[in-house]
Every structure is written in structure tokens, then in C-alpha cells.
Amino acid sequence: QVQLVETGGGLVQAGGSLRLSCAASGSIFSINRMGWYRQAPGKQRELVAAITSGGSTTYADSVKGRFTISRDNAKNTVYLQMNSLKPEDTAVYYCNTNLKERTAAWIARDYWGQGTQVTVSS
């Protein structure tokens, strides 16, 4: 069974920084795209950043220049470094990973973390 564990959320003042981590574990054959989504109260879930197995990155316009996504393939972990945080960044952040399990390596599936709360004070 594949599991994603997220850490690093918390409360921070505007202008501060946080680093989120998401570690995938279990019967993993390979990991393709990894990304972070967020959902604020009363709003739709949105893509924050994503990174492919080759290192290509995508960012939401609202976080460009402030957030950096990276991954450590040896640890099956994706990170989101968040700098210059703003109150509007407050949301639950979810890790999303597209991967293939060893038991069915011909099939790629999406897995989600439990979510971690990020709160930025105004």
C-alpha cells in the first residue's frame, strides 16, 4: 500500500518561510509527476506547483518567484520551499503523486497526502 506523509505546515507571519515535505513509501516502482495543491476555505482546490521526473517545474502565477518545488528521487520525497508568505497563501496544502506500483508497473495512478495546514498571519 502506497502512503504519502506530509510535514512542515504551521503558523507563520507574513513575509516568513516554511518548507513542506511529502514522502512516498510502499511498493513503488517509479514516480512520475509530483505536485502540491492547496485549498482555502470556500475556494476550489488549485495546483500550486508540480515537478516531473525529469525536473521540469510548473507554478501557479500567484506563487512564482516565491515558492520552489524540488524532489529527492532517492528518498521518494518532494519539497515545497515557501518564501515571502502572504496571508492569501493560507490553505490546506495537499501532496499529489503520480506513480507506478511494483505490483502493477504498467499502471500509473494518483495518490494524495492527508493535507497539512499552512496559516499566514496578516
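One is the number of the first residue; the rest follow in order along the sequence.
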One should read off an interatomic distance between Leu11 CG and Ser121 OG, to the nearest 0.5 angstrom, of 5.5 Å
Donor-acceptor check, side chain of Gln114 to backbone of Val5, threshold 3.5 angstrom: yes or no? no
Which is it for Ser53 and Asn32 under the side chain to side chain donor-acceptor pair (under 3.5 Å) test, yes or no, and what are the steps along the way? CA-CA 5 Å; Ser53 60; Asn32 301 312; 5.1 Å; no
Output the distance between atom CZ (Phe29) and atom CD (Glu101), rounded to the nearest 0.5 Å. 12.5 Å
Given Asp110, which partner from the list Thr97, Leu99, Asn96 fulfils the side-chain contact (heavy atoms from CB on, under 4.5 Å) test? Asn96
Rounded distance [0.5 Å steps], CG in Asp89 versus CG in Leu18: 10.0 Å
Under-4.0 Å salt bridge between Lys64 and Asp61: yes
Verify, without hydrogens or angle tests, whether Arg45 (side chain) and Gln39 (backbone) share a donor-acceptor contact under 3.5 angstrom. no
Quick one: pull up OG in Ser56 and CZ in Arg33 and give me the separation to the nearest 0.5 Å. 12.0 Å
State, with a plain yes or no, whether a side-chain heavy atom of Leu20 is found less than 4.5 Å away from one of Val118. yes
Starting from the C-alpha separation in whole Å, work towards a yes-or-no answer on side-chain contact (heavy atoms from CB on, under 4.5 Å) for Leu80 and Val48. CA-CA 9 Å; Leu80 185 67; Val48 178; 4.2 Å; yes
Side chain to side chain, Cys22 and Tyr94, heavy atoms closer than 4.5 Å: no
Any luck finding a side-chain donor-acceptor pair between Asp72 and Thr77 under 3.5 Å? no
Does Gln81 use its side chain to pair, donor to acceptor, with the backbone of Arg19 at less than 3.5 Å? no
Identify whether Val92 and Leu85 are in the same connected component of the hydrophobic contact network (ILVMFWY, side-chain heavy atoms under 4.5 Å). no
With a 4.5 Å heavy-atom cut-off, do Arg38 and Val63 have their side chains touching? yes
Test of understanding: clusters of I, L, V, M, F, W, Y form through side-chain heavy atoms closer than 4.5 Å, transitively. Do Phe67 and Ile51 belong to the same one? yes
Please answer: with hydrophobic residues joined when any side-chain heavy atoms are less than 4.5 Å apart, are Val12 and Tyr93 in the same cluster? yes
Under the ring pair (Phe, Tyr, Trp, His ring centres under 6.0 Å) rule, what pairs show up with a residue in residues 103-122, not counting sequence neighbours? Tyr37-Trp112
Taking atom types as modelled and ignoring hydrogens, do the side chains of Thr119 and Gln117 form a donor-acceptor contact shorter than 3.5 angstrom? yes
First locate atom CE of Met82, then atom CH2 of Trp36, and finally report the distance between them rounded to the nearest 0.5 Å. 8.0 Å
Distance col, row Asn76:CG vs Leu4:CG, nearest 0.5 angstrom, shows 10.0 Å
Shared hydrophobic cluster for Tyr59 and Val78 (ILVMFWY, side-chain gaps under 4.5 Å): yes
Do Arg71 and Tyr79 form a cation-pi contact, if we require the NZ or CZ to be under 6.0 Å from the six-membered ring centre and within 45 degrees of the ring's axis? no
